[in-house]
Amino acid sequence: MPEGHVVHSQAKAMKRAFAGRPVAVDSPQGRFAEGAALLDGATVTSTQAYGKHLFIGFEAGRWVHVHLGLFGKWRIAKGEPPAVRGLIRLRLVNDTHHAELRGPTACEVLTDEERAAAISRIGPDPIRPDADPLRAWEKVTRSRVAIGALLMDQRLFAGVGNIYRAEVLFRHEISPFRPGVQVSWPDFDAIWTDLTVLMADGVKRRRIDTVRPEHLPEIMGRLARRDRHGGEVYVYRRAGLPCYLCGDEVQVTDMQARNLFWCPTCQRT
DNA sequence: AGCTCATGGCGAG
DNA sequence: TCGCCCTGAGCTG
């Protein structure tokens with residue numbers, strides 16, 4: 001259940017564990033049996049993350065494209081793989097490591113061309129140094145869609161998910177309902193720059209921490225607890241609780257079938 | 001045991 | 001906008 005920072009962490013972990021060596025590939029569950037048979041024993045060349053998409057490169061110009069969706073999970077560990085338990089779509093095993101993939105939305109073999117086409121459909125990713133934020137700005141500034149929805153659009157902000165969108169808007173006191181066209185360049189620039197920092201930090205720490213250091217003592221004093229997502233945040237999943245900064249109730253509503261959290265007092269349209 | 005919810009995204013209508 | 005896909009954790013009883 002990842003946002004982009006988790007996918008980037010996992011791409012790095014997979015690279016350390018598998019790159020440059022042959023790997024046994026199978027699909028205990030059977031739903032990736034054909035792809036597994038094609039790649040079994042091939043050498044892993046590289047791994048790459050673009051937004052929430054992971055690409056595992058194999059010799060002969062083949063790639064495994066994985067998207068975890070809401071439920072997908074990787075388990076990457078040292079040593080021999082444990083006995084199969086549950087539904088494992090894809091398993092990678094070499095002399096030192098193993099990886100198990102469960103519940104992905106996408107797990108497919110792509111050619112070089114198909115991989116390039118897939119990447120061209122993914123928007124700029126704040127975690128990637130080669131990302132061009134102007135691609136996002138051009139669309140945001142011409143859109144009447146709410147910025148809270150635009151932030152979830154992977155063609156604009158690849159890798160951003162429900163936690164980062166809620167938190168980055170809170171940090172900049174921007175209402176999620178403000179139309180893109182009414183987001184100023186300085187506001188957009190602040191959002192983008194902040195995402196690059198927050199998400200890069202997320203890759204390193206493998207959790208989402210968005211609370212500014214100066215607010216941490218206050219929040220700890222109020223019995224802040226780590227929620228299931230792991231990390232300290234301002235508004236995500238805090239509906240009905242007092243805003244840490246103003247004390248008014250954090251709100252939740254549905255925006256495009258996802259829970260959107262915000263503080264109506266701190267965040268202005 | 002069964003229900004609900006979750007850091008996503010797709011396609012039908 | 002809705003239904004659907006995928007899995008597991010955390011409740012309830």
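In what follows, chains carry the letters A, B, and so on, assigned in the order in which the sequence lines appear, proteins first and then strands, with residues in each chain numbered from 1.
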**Asked** Hydrophobic clusters join Ile, Leu, Val, Met, Phe, Trp and Tyr when side-chain heavy atoms are under 4.5 Å apart, directly or via other members; which others share one with Tyr50(A)?
**Response** Phe55(A), Trp63(A), Leu110(A), Ile119(A), Ile122(A)

**Request:** Look at all strands and tell whether Gln154(A) reaches a base, only sugar-phosphate, or nothing, counting heavy atoms closer than 4.0 Å.
**Result:** sugar-phosphate

**Message:** Check the phosphate of dT7(B) against Arg258(A), side-chain N and O only, distance under 4.0 Å to OP1 or OP2. Yes or no?
**Reply:** yes

**Item:** Nearest-angstrom distance from the residue atom CG of Asn259(A) to C1' of dT4(B)
**Value:** 12 Å

**Prompt:** NA contact type, Arg31(A), heavy-atom cut-off 4.0 Å: base, sugar-phosphate, or nothing?
**Reply:** sugar-phosphate

**Asked** Is there a side-chain polar atom (N or O) of Asn162(A) under 4.0 Å from OP1 or OP2 of dG8(B)?
**Response** no

**Fill in**
In whole angstroms, the gap separating P of dC6(C) from CZ of Arg89(A) amounts to 8 Å

**Prompt:** Looking for any heavy atom pair under 4.0 Å, which part of the strands does Leu87(A) touch: base, sugar-phosphate only, or nothing?
**Reply:** sugar-phosphate

**Prompt:** How long is the line joining CE of Met152(A) and C1' of dT7(B), in whole Å?
**Reply:** 8 Å

**Request:** Would you please say whether a donor-acceptor pair under 3.5 Å links the side chains of Asp201(A) and His5(A)?
**Result:** no

**Request:** Please determine, for the side chain of Arg102(A), which listed nucleotide (dG8(C), dA6(B), dC6(C)) has the closest atom?
**Result:** dG8(C)

**Prompt:** Can you tell me how far C1' in dT7(B) sits from the matching atom in dT1(C), rounded to whole Å?
**Reply:** 23 Å

**Distance, rounded to the nearest Å, where Arg121(A) contributes CZ and dC10(B) contributes P** = 9 Å

**Prompt:** Does Arg91(A) count as lying over the ring of Phe32(A), i.e. NZ or CZ under 6.0 Å from the six-ring centre, within 45 degrees of the axis?
**Reply:** no

**Prompt:** Hey, does Gln29(A) reach any base, or is it just sugar-phosphate, or nothing, if we go heavy atoms under 4.0 Å?
**Reply:** sugar-phosphate

**Request:** Could you please name the option among dT7(C), dT7(B), dG9(B) that lies closest to any side-chain atom of His67(A)?
**Result:** dG9(B)

**Complete:** Here the distance between atom P of dA9(C) and atom CZ of Arg75(A), to the nearest Å, is 11 Å

**Item:** Side-chain heavy atoms of Arg89(A) within contact of Arg102(A), under 4.5 Å
**Value:** no

**Asked** In whole angstroms, how far is the C1' atom of dG9(B) from the CE atom of Met255(A)?
**Response** 18 Å

**Asked** Lys73(A) has an atom NZ; how far is it from atom P of dA6(B), in whole Å?
**Response** 14 Å

**Request:** Ignoring backbone atoms, establish whether Lys52(A) has a side-chain N or O less than 4.0 Å from OP1 or OP2 of dG8(B).
**Result:** yes

**Item:** P atoms of dC5(B) and dG3(C), separation to the nearest Å
**Value:** 15 Å

**Message:** Does dT7(B) have its OP1 or OP2 closer than 4.0 Å to a side-chain nitrogen or oxygen of Tyr236(A)?
**Reply:** yes

**Prompt:** Roughly how many Å is it from CZ in Arg155(A) to P in dG8(B), rounded to a whole number?
**Reply:** 16 Å

**Message:** Within the supplied structure, the quantity of interest is the number of heavy atoms (other residues, nucleotides, ligands) at a distance under 6.0 Å from Arg212(A) CZ; does it exceed 12?
**Reply:** yes

